[in-house]
Amino acid sequence: MSSDASETGGHATLDTFRHSPRLSLFFIGLLLAFTGYFVAWGSGYIQSQHTLLFFLTTLFGVFMAFNIGGNDVANSFGTSVGAGTLTVHQALLVAAIFEVSGAVIAGGEVTSTIRGGIVDLDGMAIRPLEFVFIMMSSLIAAALWLLFASHRGYPVSTTHSIVGAIIGGSVTLGVLKHGGLAALDLVQWREVGMIAISWVLSPALGGIVAYVLYSLIKRHILAYNDRAQSRLETIREEKRAHKRRHREAVERLSEVQQMAYTQAMARDMQAISDRDFSIDDLESEYYRKLYTINRKREDVHAHRALEHWVPVIAALGAIILTAMLLFKGFSHLALGVDTLGSYLIMGMVGALVWMATFIFAKTLKSETLGRSTFLMFSWMQVFTAAGFAFSHGSNDIANAIGPFAAVLDVLRTGAIGEEASIPPLAMLTFGVALIAGLWFIGREVIQTVGHHLTRMHPASGFSAELAASAVVMLATTFGLPVSSTHILIGAVLGIGMVNRQTNWSLMRPIALAWVITLPAAAVLAAGAFMVLNGVF
């Protein structure tokens with residue numbers, strides 16, 4: 001039995017995506033209802049100025065959030081669905097709760113208008129409506145590129161998509177105003193270079209951490225379980241052979257001997273029900289030998305790895321997820337907790353999770369070893385998926401809401417500000433679009449991450465998600481240019497390398513998609529900007 005076999009639980013089918021028309025109608029109705037309500041509310045918010053532009057921007061922004069759900073969110077839940085830990089419906093529920101909660105609770109009340117980010121728009125005289133066209137073209141261009149990538153099953157960075165689109169729209173405006181070379185000077189090429197570095201750095205870091213983590217889990221837990229399972233199977237076979245020999249021996253006895261032996265066995269059966277019985281109390285050779293065989297089974301200590309190592313790993317995962325929430329997910333909120341307080345919270349959460357996991361492992365002793373392993377890592381993977389989803393919703397939703405909020409602020413005030421307020425209703429509407437996108441177009445990306453790159457099980461899926469969370473946390477702390485999408489893909493590849501079943505042929509077009517994301521989004525945005533600038 002391979003190490004992976006000890007954690008089997010079956011893979012979740014993705015046929016649900018195609019065979020639930022009621023759920024499809026529900027998401028269509030929900031998305032239309034929220035979008036329609038927001039449009040009605042927003043018309044008063046912008047004081048009925050540029051109503052058509054507001055309507056189009058809302059559609060572009062919702063469409064962008066929809067495609068983030070179909071690519072980025074699908075990528076985040078691909079390991080959980082592929083491992084069989086979550087069904088499609090359960091992944092939708094977790095995503096709906098934690099992605100939307102992250103966006104609404106910790107998504108931030110204000111966002112940068114991207115004036116001084118990847119493009120220095122202060123370097124040229126720009127009218128408010130021209131800025132609006134840049135942001136609108138960025139939203140629709142990034143959304144179209146994500147839609148294409150999702151259709152092909154390629155998980156790409158939504159951050160790189162929106163950055164490339166902003167570059168394309170801004171440079172196009174610069175060309176119209178000042179000519180080609182002057183327009184190119186507006187781009188912060190050092191930032192573009194950092195993005196290029198992330199194409200290698202992100203998957204490399206994710207792969208290394210996942211490789212080390214899963215190697216340790218496989219060596220100390222899964223391999224131990226395999227050895228224990230093999231010994232248990234040998235003992236079961238010995239028990240079956242003992243029963244066969246006993247049956248054959250009894251058949252050779254006379255009727256009187258059979259009756260006497262049966263009575264002795266009945267007394268032995270009663271004796272073994274007493275807690276303080278010893279082997280000397282047993283009369284029949286059958287029960288004496290059976291007692292010896294059962295003692296061998298107890299000496300295997302089959303659940304030792306689950307009781308000793310899994311609680312430690314679960315506590316480590318809890319500490320990492322808590323750190324990611326405190327320092328990244330809740331970074332926009334004024335919680336009033338200093339660094340020491342954050343570390344104490346992390347320690348307390350880790351201790352509680354260690355105790356809970358240890359007790360859970362004890363309660364699973366009556367289960368088979370394979371099912372116990374599957375259940376423990378499944379629960380752990382659910383928590384890593386939920387934590388990753390909350391952090392994703394609180395941070396990456398800005399890829400859609402940032403440009404949209406910037407346009408909303410310009411339409412409302414008539415000026416370009418350094419920051420733009422984000423209405424909570426906008427966060428909620430975009431959160432609904434995220435989940436709808438996961439349902440309608442997330443299938444191919446989930447297939448890629450959960451099945452096609454390598455085979456996933458709860459232990460390997462948990463390792464990939466925890467490794468990705470750890471790398472995202474460390475990269476945020478040290479200011480490294482990384483992409484959470486690329487990190488998770490690297491982590492999946494690291495798992496595949498441990499199991500020696502990585503699909504490198506599929507990774508080649510994915511890597512190419514990463515490289516062309518920036519220029520592809522830029523070209524699409526340039527075209528969209530020309531259309532918007534020409535029409536309005």
>> If you count every heavy atom of other residues, nucleotides or ligands that lies below 6.0 Å from Tyr291 atom OH, does the total exceed 12?
In response: yes
> Got a second to check how far Met355's CE is from Thr357's OG1, nearest 0.5 Å?
Replying inline: 10.0 Å
>> Minimum heavy-atom separation for Leu518 and His160, please, with both atom names.
In response: CD1-O, 3.2 Å
>> Closer than 3.5 angstrom, by distance alone: can the side chain of Ser460 be matched with the main-chain N or O of Met456 as a donor-acceptor pair?
In response: no
> Given side chains that start at C-beta, do those of His308 and Tyr224 come closer than 4.5 Å, heavy atoms only?
Replying inline: no
> Is the shortest distance from a Lys or Arg side-chain nitrogen in Arg288 or Glu285 to a carboxylate oxygen in the other one below 4.0 Å?
Replying inline: no
> Tyr287: what forms a ring-ring contact (aromatic ring centres under 6.0 Å, His included) with it, not counting sequence neighbours?
Replying inline: none
> Counting N and O atoms only, with roles assigned by atom type, does the side chain of Asp338 sit under 3.5 Å from a partner on the main chain of Gly341, one being a donor and the other an acceptor?
Replying inline: yes
> Who are the ring-ring contact (aromatic ring centres under 6.0 Å, His included) partners of His220, not counting sequence neighbours?
Replying inline: Trp309
> How about His151: does its NE2 atom have over 12 heavy atoms from other parts shown lying under 6.0 Å from it?
Replying inline: no
>> Tell me if a side-chain donor or acceptor on Glu367 pairs with a main-chain N or O of Leu364 at a distance below 3.5 Å.
In response: no
>> If the test is side-chain contact (heavy atoms from CB on, under 4.5 Å), which one of Ser76, Ser157, Ser150 qualifies with Asn71?
In response: Ser150
> Donor-acceptor pair, Thr517 side chain versus Ala513 backbone, under 3.5 Å?
Replying inline: yes
> Is a salt bridge present between Arg231 and Glu238, judged by a nitrogen-to-oxygen distance below 4.0 Å?
Replying inline: no
> Ignoring hydrogens and geometry, is there a side-chain-to-backbone donor-acceptor pair from Gln381 to Thr79 under 3.5 Å?
Replying inline: yes
>> Within this structure, what is the CG-CE distance for the pair Asn503 and Met507, rounded to the nearest 0.5 Å?
In response: 10.5 Å
> Taking all non-hydrogen atoms of both residues, which atom of His486 and which atom of Ser198 are closest, and how far apart?
Replying inline: ND1-O, 4.0 Å
> What salt bridge (charged side-chain N to carboxylate O under 4.0 Å, His left out) pairs are there with at least one residue in residues 306-316, not counting sequence neighbours?
Replying inline: Glu307-Lys362, Glu307-Lys365
> Nearest heavy-atom pair of Ala361 and Leu306: which atoms, and what distance?
Replying inline: CB-O, 3.8 Å
>> How about CZ on Arg236, more than 12 heavy atoms from neighbouring residues, nucleotides or ligands closer than 6.0 Å, or not?
In response: yes
>> For a quick test of reading the model, state the closest non-hydrogen atom pair linking Leu326 to Ser342 and the distance between them.
In response: CD1-O, 3.7 Å
> Among all residues two or more places apart in sequence or in another chain, which pass the side-chain contact (heavy atoms from CB on, under 4.5 Å) test with His242?
Replying inline: Arg245, Tyr286, Lys289, Leu290, Ile293
>> Keeping Thr502 on the side-chain end and Met497 on the backbone end, is there a donor-acceptor pair under 3.5 Å?
In response: yes
> Any side-chain donor paired with an acceptor under 3.5 Å for His303 and Ser372?
Replying inline: yes
> Between Glu237 and Arg244, does at least one N-O distance fall below 4.0 Å, as a salt bridge requires?
Replying inline: yes
>> Could you check whether atom CZ of Arg267 has more than 12 heavy atoms from other residues, nucleotides or ligands sitting under 6.0 Å from it?
In response: yes
> Which heavy-atom pair separates Ala149 from Val156 by the least distance, and what is that distance?
Replying inline: CB-CG2, 3.8 Å
>> Holding to ring-ring contact (aromatic ring centres under 6.0 Å, His included), I want the full list of residues that pass it with Phe26, two or more places apart in sequence or in another chain.
In response: none
> Minimum heavy-atom separation for Gly317 to Leu466, with atom names?
Replying inline: CA-CD1, 3.3 Å
> Can you name the residues that form a side-chain contact (heavy atoms from CB on, under 4.5 Å) with Ser366, not counting sequence neighbours?
Replying inline: none
> If only atom types and distance count, is the side chain of Ser202 paired as donor or acceptor with the main-chain N or O of Ser483 below 3.5 Å?
Replying inline: yes
> Is the count of non-hydrogen atoms from other residues, nucleotides or ligands lying under 6.0 Å from Arg240 atom CZ greater than 12?
Replying inline: yes
